[in-house]
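Both ligands and their constituent atoms are indexed starting at 1 by order of listing.
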Amino acid sequence: MTYQAPVDDIMQALKSVAGLDELIERGLVGEIDEATIRAVIEEAGKFGAEVLDPLSAPGDKCGSKLINGKVETPPGWRDAYQRFAAGGWASLSAAEEWGGQNLPAIVATVAGEIWNSANMGFGLCPLLTLGAIDAIEAEGSASLKQTYLPKMVAGEWSGTMNLTEPHAGSDLSQLKTRAVKQADGTYRLFGTKIFITYGDHELTENIIHLVLARLPDAPSGTRGISLFLVPKLLVNADGTLGAPNDVVCAGLEHKLGIHASPTCVMKYGEKGEGALGYLVGEENRGLNVMFIMMNAARLAVGMQGVAVAERATQRALSYAKERRQGRSANSTGAEMAPIIEHADIRRSLMTMKALTQAARAICLVTARETDVARRAKDAAERAAALNRVALLTPVAKAFATDIGCEVASIGVQVHGGMGFIEETGAAQHYRDARILPIYEGTNGIQAMDLVGRKLPLDGGKVVTDYIADLNRTVEEVRASNRREFGRMGERLKDAVAALAEATRFIGATLGRDPDSAMAAAVPYLRLFGLAAGGVYLAKGALAAARNGAGNGHGAQPIAVARFFAEALATAAPGLKDSVVDGAAALVLSPDTLAQ
Ligand SMILES: Cc1cc2nc3c(=O)[nH]c(=O)nc-3n(C[C@H](O)[C@H](O)[C@H](O)COP(=O)(O)OP(=O)(O)OC[C@H]3O[C@@H](n4cnc5c(N)ncnc54)[C@H](O)[C@@H]3O)c2cc1C
């Protein structure tokens, strides 16, 4: 079953939820118009369907391999990557100064969905390169920018992100990789990084590693971490490639999913002299720079959740139309009914669609705010948008990747036994999706970030303003009084009220009892995602109603929004109770829990 980019759904979300018309009118997405955006998405969809999708299942079977110290990606990947770079897809959002196309974040985010729906193992390579480009562009010296950005933007060199070490995962304060300053101002790095995505491969002629390390006299903890650019091959003064740097891939991990994406153990300074590196930003302020990369990457990983959910939904829908079992309530003849006619399968498919579209909406609103934060003329508007990006990024990452796993799991279920058998492809989505809540900061860490750092932003005003915005849409839905909206308005009112109450509880608890606030973090984030996702889908329904939604695709936004509000957002009040009572319910101490 070939992937088809959901161009209509994406355009509808861009217009009704991300406010595309307003962004275009105010010049916040550059010179581009709606027709061009649609054309870019359609072309990306064609590339995804024709070039990347056919490589996904064979790539999963074959995996990347470490042969004589070098990583080889599956057959066909190098050619596909070269076509990807030649098509200009590596540089959509990069600045024109470095050869990029300066397209808005909303377009790059949508393109990311398409690459990852078509082939998640492939999509990770450009995802990390884009993050590295952002970090170098923001904090690299003029010479680093001149030397590295044009090649990375052109897709000729790729980028990686090297944070994790065996004893330092979520807690980066423990990292031990060392950097020693040289007389000429460069640095030599020594240490081991694990789990490095695309740490080595043959898709590009050079690989640019961004590596967190500690200087000898650095303060302990996160305030003593610096960021270095370490090329795989050294770059000569004239820009040509020189000798190999002292960095090698010492091993590849064997994983549950994304087999084609090489997950590498990287050794720096094994030969003795140390890997040559260049400081990015200031000494001991590396984590701040890495956060530039991580915030962009967190949204992109959220979009991977949407991507895998979309792909799993398409596959399940196609199977449910073909597979016949039993007779449905509406069956008349003797023939077995396609399973899509059974109420429980329709419920499953609607759940898949609704969760996918809600998560897409949350991610696209985050991307929209990124564009406003970059391009608005008014400084206050830029600052407000930046705060909203900060608030929404952990929700986009964690809600969208959690639902990516859930939707992929429902997809297996819709296939019955065949879902467990590899040949249908449903199992691959389930396996691939499982990494998403773990990397780029686990979803538990995202929830703690939301509760501990984002809710207190601007004295709590950022989140209360956001909830007030959600309530405005709820009131619009209620005032519209449309029969086909069912109880959407009431259910969303309850969901947003639950979010407001849970937010007040966290606000009152965080300072005096942080452990209780943290115990509530995961259900709080889920509640946030359900309320926000439900309201965004309702915006789509309102727009469809205004446009005189008829039958067929035009009516889908209303049906999906109503289902989300009446069947899924109803969990919100229960989640609010989990937030408020959650810590008290954790009655077992670590010792008794482990007995
Ligand atoms: C396939 C793959 C690709 C990856 N790619 C990269 C990459 O390119 N670059 C890179 O640097 N890293 C990469 N990683 C590493 C990834 O980011 C880490 O695995 C992740 O951040 C979690 O760290 P950890 O595995 O050490 O788990 P731990 O930090 O040991 O966490 C274990 C559990 O404890 C929880 N936990 C930890 N601390 C706390 C706390 N303070 N409060 C509450 N709960 C807590 C976590 O949420 C988690 O559930 C990759 C990992 C994988 C598997």
Side-chain angles (χ1 to χ4, degrees), residues 60 63-64 71 116 120-121 123-132 135 158-177 191-201 207-213 221-222 225 227-228 230 249 251-266 268 286-287 289-291 293-294 296-298 300-301 304 308 394 397-398 401-402 405 431-453 514-525 582-583 586 590 593:
D60 174 58
S64 281
V71 173
N116 284 285
M120 194 173 131
L124 269 162
C125 185
L127 186 160
L128 285 157
T129 305
L130 277 177
S158 64
T160 71
M161 176 155 135
N162 287 238
L163 291 76
T164 309
E165 298 179 7
H167 45 275
S170 302
D171 187 357
L172 292 172
S173 69
Q174 300 304 311
L175 67 83
K176 290 187 181 148
T177 295
T192 300
K193 295 284 179 181
I194 60 166
F195 297 161
I196 305 307
T197 299
Y198 277 95
D200 191 52
H201 59 85
I207 302 172
I208 311 308
H209 304 291
L210 288 186
V211 186
L212 287 182
T222 50
I225 296 173
L227 180 67
F228 300 91
V230 182
C249 170
L252 276 192
E253 305 295 351
H254 300 279
K255 311 187 293 280
L256 176 65
I258 51 165
H259 292 144
S261 164
T263 305
C264 305
V265 178
M266 302 300 295
Y268 291 86
L287 215 49
V289 187
M290 198 52 120
F291 266 116
M293 184 167 174
M294 279 178 355
R298 283 175 177 174
V301 170
Q304 287 190 301
V308 79
K397 194 276 172 178
T401 58
D402 278 344
C405 291
R431 290 185 289 100
D432 284 352
R434 194 59 191 85
I435 184 57
L436 299 172
I438 297 172
Y439 63 24
E440 268 325 307
T442 64
N443 284 1
I445 297 291
Q446 302 301 322
M448 290 167 59
D449 176 50
L450 175 66
V451 162
R453 292 203 197 93
D515 197 54
S516 292
M518 292 310 157
V522 164
Y524 178 79
L525 188 146
L586 279 177
L593 184 65

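For NE2 of His167, the number of neighbouring non-hydrogen atoms (other residues, nucleotides, ligands) closer than 6.0 Å is greater than 12.
Among residues two or more places apart in sequence or in another chain, the salt bridge (Lys or Arg N to Asp or Glu O under 4.0 Å) test is passed with Asp449 by Arg453, Lys454. Here Tyr524 pairs with nothing under the ring-ring contact (aromatic ring centres under 6.0 Å, His included) rule; sequence neighbours left out. Looking at residues two or more places apart in sequence or on another chain, you find a side-chain contact (heavy atoms from CB on, under 4.5 Å) between Tyr439 and Met120, Leu124, Ile258, Val301, Gln304, Ile435, Leu436.
Proximity of a side-chain donor or acceptor of Lys397 to a complementary backbone N or O of Gly441 within less than 3.5 Å is detected.
A heavy-atom cutoff of 4.0 Å around ligand 1 is satisfied by the protein residues Met161, Asn162, Leu163, Thr164, Gly169, Ser170, Phe195, Ile196, Thr197, Lys255, Thr263, Ile435, Ile438, Tyr439, Glu440, Thr442, Ile445, Met448.
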Derivation and outcome, side chain to side chain contact (heavy atoms under 4.5 Å, CB included), residues Lys176 and Thr192: CA-CA 9 Å; Lys176 290 187 181 148; Thr192 300; over 6 Å; no

